[in-house]
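Just below is one structure, and these are the notes that go with it.
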Amino acid sequence: MRPDTPAENVDHTAEAARLERTAGLYPEDAEALLLRAAAHLELSGDRPTASTLYDRLLSSTADLDNPHLVRALKASNLWEYGHEAEARAIIEGVRSASPQDPAPWVIVAEALESHDELEAAHETYTEAVHRLLTDVPEPPYATHPLLFGRHRVRRMLGESHDEWDALADTVHSLPITLDELHDPKRVWSLGSENPAELEAEILRLRAELGAYREALSRPFPVAILHWPATELTELLEAYPSLSAEYPTHEAHLATIESALRELASSGTPNLGIVTGTVPSYEAFAASELSSPSDATLLPQYATTLAARGRAVAWPPQQGASCWCGSGQPYGQCHGTTT
């Protein structure tokens, strides 16, 4: 499906089948591709088949990049077609695992919220923001839904603002305030006969739709290509002309970090890093009917990996290991400001 294809024109069943076939061709990308296939199946209404894809991933012998996300999506899907007890058990398991990635937290909290489990949703959102945002100077983009979801649930529960709600207000960028967007009384205005109230609600809905469209317009990050040391050595031995692009591995790593910081300072959102391998790159070059020694293929290869779900968000969260693979915390490695 092209990014500009209207949702109403998508054959979700056919798209899921295409993604499953693609996963067979690229087993290293099966996790990202099958998750997208499962999403299409859910949208088509075939939730049981979507669950089989989640089970297929969880029972795979291959290590998953984000098993907590797969479990969270499985739980949310199960609850939607009547398997509440199993869904609750999986949600508790995800919360107990306390993942570093915000996505599983968002999925399970929204599942609870959508089924009117507001207290449990509030506890989950709160646990997540404490886990991921304590002592973090700037909340990463991926954590914003946690702050917004917590704010929304607290408004429905009638809770007063606290420091996390204030933080949500600071990262919210739409002209309609969060308090307006999350006002529990909004539902009553939809049945109002007052034209002014209806017009105000239409403006709020447009603001919300704009936020959703903004999020959906970034299906994958702006990604920079990273070669581990052993892969770069193999690449340059096979294609020496690329040494002009990569004089040393240390220079390659420094270039990645500086390029990402420059993009961030220019306001480019949703940045990431994709890790290349020589066999994968050679296969990509062959698919493009070109030689791997052609340096112009490198950014195209990075974009293709990102589109297949291989990008890792940059910068890493506080305390996380550096993207370069050194094993050191990012803040003590390439994240240092000195």
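Throughout, numbering of the chain's residues begins at 1 and tracks the sequence.
Taking the charged nitrogens against the carboxylate oxygens, Asp65 and Arg310 do have a contact shorter than 4.0 Å, which makes a salt bridge. Under the 4.0 Å criterion applied to side-chain N and carboxylate O atoms, Asp29 and Arg36 are not assigned as salt-bridge partners. At a threshold of 4.0 Å, the pair Arg88-Glu84 counts as salt-bridged, since one of the basic side-chain nitrogens sits closer than that to a carboxylate oxygen.
In this structure, a donor-acceptor pair under 3.5 Å is present between the side chains of Tyr239 and Glu282. Remark: the Thr255 side chain and the Tyr246 side chain contain no N/O donor-acceptor pair separated by less than 3.5 Å. Tyr26 and Ser280 are not linked by any side-chain donor-acceptor pair at a separation below 3.5 angstrom, with hydrogens and angles left out of the test. A donor and an acceptor atom, one from each side chain of Tyr125 and Glu113, are located under 3.5 Å apart.
Taking each heavy atom of Asp165 and Ser160 in turn, the nearest pair found is OD2-O, 3.8 Å. Closest of all the heavy-atom pairs between Leu132 and Pro99 is CD2-O, 3.8 Å. Across Cys333 and Ser326, no two heavy atoms sit closer than the pair SG-OG, 3.4 Å. The minimum heavy-atom distance linking Leu297 with Ser291 is given by the pair CD1-O, 3.4 Å. Smallest separation of non-hydrogen atoms from Leu146 and Val106: CD2-CG2, 3.5 Å. When all heavy atoms of Leu305 and Gly276 are compared, the pair lying nearest together is CD1-CA, 4.3 Å.
With sequence neighbours excluded, the residues forming a side-chain hydrogen bond (donor to acceptor under 3.5 Å, both in side chains) with Glu20 are Arg56, listed by chain and number. Annotation: salt bridge (charged side-chain N to carboxylate O under 4.0 Å, His left out) contacts of Asp46 (sequence neighbours excluded): none. Applying the side-chain hydrogen bond (donor to acceptor under 3.5 Å, both in side chains) test to Glu138 and every residue at least two apart in sequence or in another chain returns nothing. Every residue two or more places apart in sequence or in another chain that forms a ring pair (Phe, Tyr, Trp, His ring centres under 6.0 Å) with Trp79 is listed here: His115. Under the side-chain hydrogen bond (donor to acceptor under 3.5 Å, both in side chains) criterion, Glu257 pairs with Arg261, Trp314, Trp323, Tyr330, sequence neighbours left out.
Rounding to the nearest 0.5 Å gives a distance of 5.5 Å between NE2 of His334 and SG of Cys322. Interatomic distance, OG1 of Thr49 versus CD of Glu42, reported as 11.0 Å (0.5 Å rounding). Going from atom CG of Leu53 over to atom CG of Leu35 covers 9.0 Å, rounded to the nearest 0.5 Å. Between the CD atom in Glu86 and the OG atom in Ser51 there is a gap of 7.5 Å [rounded to 0.5 Å]. Arg155 CZ to Leu118 CG: the interatomic distance, rounded to the nearest 0.5 Å, is 13.5 Å. We find the CG-CG distance between Leu19 and Leu41 to be 9.5 Å, quoted to the nearest 0.5 Å.
Inter-residue side-chain proximity for Trp164 and Leu167 is flagged as met; some heavy-atom pair is nearer than 4.5 Å. At least one side-chain heavy atom of His144 sits less than 4.5 Å from a side-chain heavy atom of Pro139. Taking the side chain as every heavy atom from C-beta outward, Val136 and Pro140 approach each other to under 4.5 Å. Taking the side chain as every heavy atom from C-beta outward, Trp227 and Thr275 never approach each other to under 4.5 Å. Residues Val70 and Leu73 are not in side-chain contact: their nearest non-hydrogen atoms beyond the backbone lie 4.5 Å or more apart. Between Leu298 and Glu245 there is a side-chain heavy-atom pair separated by less than 4.5 Å. Side-chain contact between Glu15 and Ser44 is absent, with no heavy atoms from C-beta onward closer than 4.5 Å. For the pair Leu225 and Ile256, the minimum side-chain heavy-atom distance is 4.5 Å or more.
Ring to ring, Trp105 and His68 are not that close: their centroids are 6.0 angstrom or more apart. The six-membered or imidazole ring of His151 lies near that of His161, with a centre-to-centre distance under 6.0 Å.
With hydrogens and angles disregarded, a donor-acceptor distance shorter than 3.5 Å links the side chain of Ser266 to the backbone of Leu263. A side-chain donor-acceptor contact under 3.5 Å links Thr134 to the backbone of His130. Side chain of His249 to backbone of Ala229: a donor-acceptor contact under 3.5 angstrom is found. Remark: the backbone N or O of Glu92 is paired with a side-chain donor or acceptor of Ser96 at under 3.5 angstrom. Of the possible polar contacts, one joining the Gln300 side chain to the Thr296 backbone as a donor-acceptor pair under 3.5 Å is found.
Note on Leu58: it does not cluster hydrophobically with Ile91, by side-chain heavy-atom contacts below 4.5 Å among ILVMFWY residues. Under a hydrophobic clustering in which Ile, Leu, Val, Met, Phe, Trp and Tyr are joined whenever their side-chain heavy atoms come within less than 4.5 Å, directly or via other members, Tyr301 and Leu235 fall into the same cluster. Hydrophobic clustering (ILVMFWY, side-chain heavy atoms < 4.5 Å, transitive): Leu253 and Ile224 are in one cluster. One hydrophobic cluster, built from ILVMFWY side chains closer than 4.5 Å, cannot hold both Leu69 and Val129; they sit in different ones. Met156 is connected to Leu178 through a chain of hydrophobic side-chain contacts under 4.5 Å among Ile, Leu, Val, Met, Phe, Trp and Tyr, so both are in one cluster.
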Dump the intermediate steps for salt bridge (Lys or Arg N to Asp or Glu O under 4.0 Å) on Arg150 and Asp162, then the final yes or no. CA-CA 11 Å; Arg150 184 178 182 276; Asp162 63 8; 2.6 Å; yes
Evaluate Val108 against Ser76 for side-chain contact (heavy atoms from CB on, under 4.5 Å), listing each step before the verdict. CA-CA 7 Å; Val108 298; Ser76 177; over 6 Å; no
Checking Leu242 against Leu236 for the side-chain contact (heavy atoms from CB on, under 4.5 Å) test, could you report, in this order, the C-alpha distance in whole Å, the side-chain angles of both residues, the deciding distance, and whether it holds? CA-CA 6 Å; Leu242 293 179; Leu236 297 181; 3.9 Å; yes
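Within the structure, salt bridge (charged side-chain N to carboxylate O under 4.0 Å, His left out) pairs that include any residue of residues 290-303 do not occur (at least two apart or interchain).
Under the side chain to side chain donor-acceptor pair (under 3.5 Å) test applied with Thr124, the options Glu110, Glu117, Arg95 reduce to a single match, Arg95.
Between His172 and Phe148, the ring planes are perpendicular. Angles over 60° get that label, and only those under 30° would be called parallel. Using a 30° and 60° split on the angle between ring planes, His83 and Tyr81 fall in the perpendicular class, above 60°.
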